[in-house]
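In what follows, a structure is listed as C-alpha cells, so that the remarks can point back to it.
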Amino acid sequence: MRVAISSCLLGAPVRYDGGSKPISEVIELAQKVEVVRVCPETASGLPVPRPPAEQREGRVYLSDGRDVTREFDLGARRCLDALGRSPVSLAVLKAKSPSCGVGLVYDGTYSGRLVPGRGVFAARLEEEGVCVVTEDTVKSCKPSVEHPVAIVLGSGLGHLGSLVRPVRRIDYRDIEGFPMSAKPVEGHRFEATVGTIDDVPVVVYPGRIHLYQGYSAAEVTALVRHAHHLGCRDIVFACATGAVPGQAHVGLGILTDQINLTGRNPLAEWDGLRDVESPFVDMNDAYSPYLRTLARGVADDLGIAVEEGVYAGVLGPCFETPAEVAALRTLGVSYVGMSTVCEVIMARALDMNVLGLTLAANESGATGVSHESVLEAAGRHAEDFERLVRGVLRLL
Ligand code: HPA
C-alpha cells in the first residue's frame with residue numbers, strides 16, 4: 001500500500017521555521033507501507049526559514065503580509081504531479097497547516113486560532129479521491145494495552161476469536177446492560193476475550209444478540225458500551241449479510257455507510273446516556289474513512305477480493321421479499337443484514353473509530369437461505385476474512 005506522508009511528520013526539517021514535527025505513530029505506519037514523502041511548501045520553492053503562512057479569505061499570506069497563494073498552488077501541483085506517477089489512496093498530512101490541514105486550519109490571525117477549512121494541497125488530493133487524514137487520526141486509531149481494538153463478530157465469523165492470545169475472559173453475563181437470560185444462537189459464543197492478535201491488543205466479542213430476538217436497541221449495544229469502558233477507541237464490526245443483486249456480490253465487503261431501517265435507535269431507548277455527550281450524533285463518515293482505506297489497501301496487497309458498499313440494517317428475522325430487494329437497490333444499498341446499525345450509532349455516540357466488514361453469505365432475496373447456509377458461506381470465506389482483519393491490525 002502506498003501512502004503519501006508529510007515529510008515533517010517523519011522528522012524532516014522542512015517546516016517554515018526550519019523545524020520538524022516527528023510523530024512516532026506516523027513513523028511506525030511509515031515502516032509498514034510504501035511511503036511517498038511530500039512537502040508542498042518546500043516543493044513551492046519558498047525558502048526555509050520564513051515567516052509563518054496562514055489562509056485568509058481563500059488566499060495564503062505570510063505573517064509579513066506577502067501573498068504566497070501562487071507559490072502554495074504551485075507546490076500542491078508539483079506534489080500532485082509527482083504522486084500522479086504512483087497513485088496513493090491515503091495521505092497522512094500535517095494538521096492545521098495552510099497547505100496540508102484537514103477539517104481545521106489556522107485562521108489567518110497568526111495567533112494559533114483555528115477555523116473550519118482545508119489546506120491547499122489537502123483539498124487537491126481530496127478532489128482526486130484520496131483519503132486525506134492528519135497525524136491526529138493516526139494517533140487516535142493507534143491501539144495499546146490501554147486502548148485495545150474491539151472486534152465484534154457475527155454469524156459464522158467467531159473463529160477469529162481463536163487467534164487471540166488470551167489474557168483474560170469476560171462472560172457476557174458480567175457485562176452491564178447485557179441481558180442475563182440471552183442464549184447464543186448457533187455460531188455464537190458469549191464470552192469476550194481480552195488479549196492480543198499478532199501482538200496487537202484486542203478485545204474480541206465472538207457473538208452478539210439481535211433486535212429480532214426481542215432485545216431492545218439498548219441491550220444489543222451493551223457490548224459497544226463495554227468496549228468503550230475498557231478503553232477501546234477502534235471497533236471492528238463483522239456481520240453476515242445478503243448482497244443486493246446488481247449492487248454487490250456474495251463475498252467479503254467493506255461497509256462505507258449505513259441506512260437504519262430497523263425503526264430502533266439506542267440513543268432514543270437507552271435511559272443511561274451518561275457516557276454520551278449528546279444524543280444528536282453526527283453520522284457523517286460513521287465508518288472511518290481512514291480504517292476503510294487501510295482495509296482496502298490490505299485487501300489489494302493480499303489479493304483478497306473485497307467489494308464496498310452501503311449497509312442497510314433491517315429488523316428481521318425474515319429475509320427480504322422481492323419488492324424489498326428492489327427497494328433496497330433503489331436506495332443504493334449493497335448489503336442488507338439484521339445487526340450492526342444500532343451498534344455503529346452507539347459507537348459513534350461514544351466517538352469510537354468504526355470499521356465495518358461484512359461477509360455477504362447469499363444474494364438478498366434468494367430462495368433456500370437458512371441460518372445454516374449463512375454459516376456454511378461464512379466458513380468458506382473465513383480464511384480471507386481473518387487475513388483481512390490481521391492485515392488491518394498490523395497497520396494500526
Ligand atoms: N438478509 C438479511 N440478513 C442476512 C442475509 C440476508 O439475505 N443473509 C445473512 N444475513
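Start at 1 and go down the list; that is how both ligands and their atoms are numbered. Keep in mind that what you see is a predicted model, and the values were worked out from it rather than measured.
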> If you take all heavy atoms of Met338 and Tyr311, which pair is closest and at what distance?
Replying inline: N-OH, 3.6 Å
> Which atom names give the shortest non-hydrogen contact between Leu93 and Phe121, and what distance separates them?
Replying inline: CD1-CD2, 3.9 Å
>> Using a 4.0 Å cut-off on heavy atoms, what residues surround ligand 1? Order them by chain and number.
In response: Ala240, Thr241, Gly242, Phe319, Glu320, Val336, Gly337, Met338, Asn362, Ser364, Val374
> What's the shortest heavy-atom distance between Arg225 and Ala218, and which atoms?
Replying inline: NH2-O, 2.9 Å
> Is Tyr290 close to Asn353 at the side-chain level, that is, under 4.5 Å between some pair of heavy atoms?
Replying inline: no
> Quick one: which of Lys21, Arg37, Arg15, Lys94 gives a side-chain contact (heavy atoms from CB on, under 4.5 Å) with Ser7?
Replying inline: Arg37
>> Quick check on the hydrophobic clustering: are Phe178 and Phe237 connected, directly or via other members, by side-chain heavy-atom contacts under 4.5 Å?
In response: yes
